**Student:** 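Sharing a structure, written as structure tokens. Questions coming.
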There are 2 protein chains.
Amino acid sequence: MSLTAAARVRPVGQDHYSISEVASYTGLSAHTLRWYERIGLLNGVHRSHTGQRLYTDGDLDWLDLIGKLRLTGMPVADMVRYAELVRAGDQTMPERTQLFREHREVVRQQIEDLRTTLAVLDFKIEFYEGASSQCTP
Amino acid sequence: MSLTAAARVRPVGQDHYSISEVASYTGLSAHTLRWYERIGLLNGVHRSHTGQRLYTDGDLDWLDLIGKLRLTGMPVADMVRYAELVRAGDQTMPERTQLFREHREVVRQQIEDLRTTLAVLDFKIEFYEGASSQCTP
DNA sequence: TACTTGCTTGGAGTGCACTCCAAGCAACAA
DNA sequence: TTGTTGCTTGGAGTGCACTCCAAGCAAGTA
């Protein structure tokens, strides 16, 4: 669910990165990066004179945000919707605020649910440990 | 991700519930309940003389636990593995403890990730609100 | 020059977790 | 007696998020 620290080191600040550099930075596969672009989640990635993708620092920032939203279980379709709103310009800001406000509640609820489960897990672990220590006193 | 309070009311404590009662209690569909049983996630559900399933309070408790693990994103295969360990008897307790201990770390990491995202969401919402209040002073 | 590496494309394939279907049976109401 | 409802089954279908494939091109190395 979470990426290693090593993978998260942004390559030299040259402001143009190959697909494999971005893949190792984000932990997404090159396939997924191309797919994100195809479905409109990542728009207007620049190309070299030979047609290869060149990602900018701005693209990396965008992928960071997308990655966080993905970790919260936001459906790809919703992220695409957000990308469309950003592309549409500043007049969509109220709608974007609304989208994030709703998602914030979802995330809050998830944290609540996880905390409840964590308590159950702690209880179970304690129970199993108590039971096994009775076997080997 | 979370069920409504209404759905979570356990039917009259008769200790045998029909599939539709259990469906409305757990929020799972009857299809899913049968599928859980088929894959070994729910074992030995009793039957009426006409062959219909009769769930016990114990089954409901088990489904509560399964539901919590599901909310944390535990794969169904892992839950089946846990069910097998429980069926295998008390000597699998150390393995069960280990399984839960590992999953506890996963859940902790998820909570961390969600908190980070919540902060980003708060920041974005504040930014969008600040930007729109500049337009309408 | 020959080979390897890394990229390109559209479309097809995969894995997961359900979700539905068709055919059929039992119990009850009109 | 004739529906209607609620359940049964194995197997097929669905939606999501990737994931892979085959064919091909450009750049660099032996």
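Note that the structure is a prediction, hence the values are computed from the model and not measured.
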**Student:** List for me each residue that meets salt bridge (Lys or Arg N to Asp or Glu O under 4.0 Å) alongside B/R96, sequence neighbours excluded, and say none if there are none.
**Tutor:** none
**Student:** Is B/E37 paired with B/R34 through a side-chain N to carboxylate O contact shorter than 4.0 Å?
**Tutor:** no
**Student:** Passes side chain to side chain contact (heavy atoms under 4.5 Å, CB included), B/R81 versus B/L85? Steps please.
**Tutor:** CA-CA 6 Å; B/R81 171 84 190 123; B/L85 289 175; 3.7 Å; yes
**Student:** A side-chain contact here means heavy atoms from C-beta on lying under 4.5 Å apart; do B/L33 and B/L63 qualify?
**Tutor:** yes
**Student:** Please figure out whether B/R34 or B/M74 has its closest DNA chain C nucleotide nearer the 5' end.
**Tutor:** B/M74
**Student:** Hey, which of these two, A/Q52 or A/T32, hits DNA chain D nearer its 5' end, going by closest nucleotide?
**Tutor:** A/T32
**Student:** Starting from the 5' end of DNA chain C, give me the residue, B/W35 or A/S20, whose nearest nucleotide shows up first.
**Tutor:** A/S20
**Student:** If you look at every heavy atom in B/T92 and B/A88, which pair is closest and at what distance?
**Tutor:** CG2-CB, 3.6 Å
**Student:** Expressed in angstrom and rounded to an integer, what is the separation of B/H31 atom NE2 from D/dG6 atom C1'?
**Tutor:** 12 Å
**Student:** Where does the chain A footprint on DNA chain C start and end, counting 5' to 3' with a 4.0 Å heavy-atom cut-off?
**Tutor:** C/dC7 to C/dG11
**Student:** Does any residue of residues 77-87 of chain A have a heavy atom under 4.0 Å from DNA chain D, and if so, which ones, in number order?
**Tutor:** none
**Student:** Reckon B/S29 touches a base, only the sugar-phosphate, or nothing at all at heavy-atom distances under 4.0 Å?
**Tutor:** nothing
**Student:** Mind jotting down which residue pairs meet the ring-ring contact (aromatic ring centres under 6.0 Å, His included) criterion with at least one end in residues 31-90 of chain A? Sequence neighbours excluded, please.
**Tutor:** A/W62-A/Y82, A/Y82-A/F100
**Student:** Mind listing the closest non-hydrogen atom pair of A/G40 and A/A83 along with its distance?
**Tutor:** O-CB, 3.6 Å
**Student:** Among residues 43-51 of chain B, which ones have heavy-atom contacts with DNA chain C below 4.0 Å?
**Tutor:** B/H49, B/T50
**Student:** Reckon A/R53 touches a base, only the sugar-phosphate, or nothing at all at heavy-atom distances under 4.0 Å?
**Tutor:** sugar-phosphate
**Student:** So do the side chains of A/V76 and A/V80 get within less than 4.5 Å of each other, counting heavy atoms only?
**Tutor:** yes
**Student:** For the pair B/I66 and B/L41, evaluate side chain to side chain contact (heavy atoms under 4.5 Å, CB included) and give the outcome as yes or no after the intermediate values.
**Tutor:** CA-CA 9 Å; B/I66 289 303; B/L41 190 50; 3.8 Å; yes
**Student:** Sequence neighbours excluded and cut-off under 3.5 Å, please list the side-chain donor-acceptor pairs for residues 114-127 of chain A, or say none.
**Tutor:**
{"residue": "A/T116", "atom": "OG1", "partner": "A/E112", "partner atom": "O", "Å": "3.0"}
{"residue": "A/T117", "atom": "OG1", "partner": "A/D113", "partner atom": "O", "Å": "3.0"}
{"residue": "A/D122", "atom": "OD1", "partner": "B/R104", "partner atom": "NH1", "Å": "2.7"}

**Student:** State the CE-NE2 distance between B/M79 and B/H103, to the nearest 0.5 angstrom.
**Tutor:** 9.0 Å
**Student:** What is the nucleic acid contact for B/S18, judged by heavy atoms within less than 4.0 Å: base, sugar-phosphate only, or nothing?
**Tutor:** sugar-phosphate
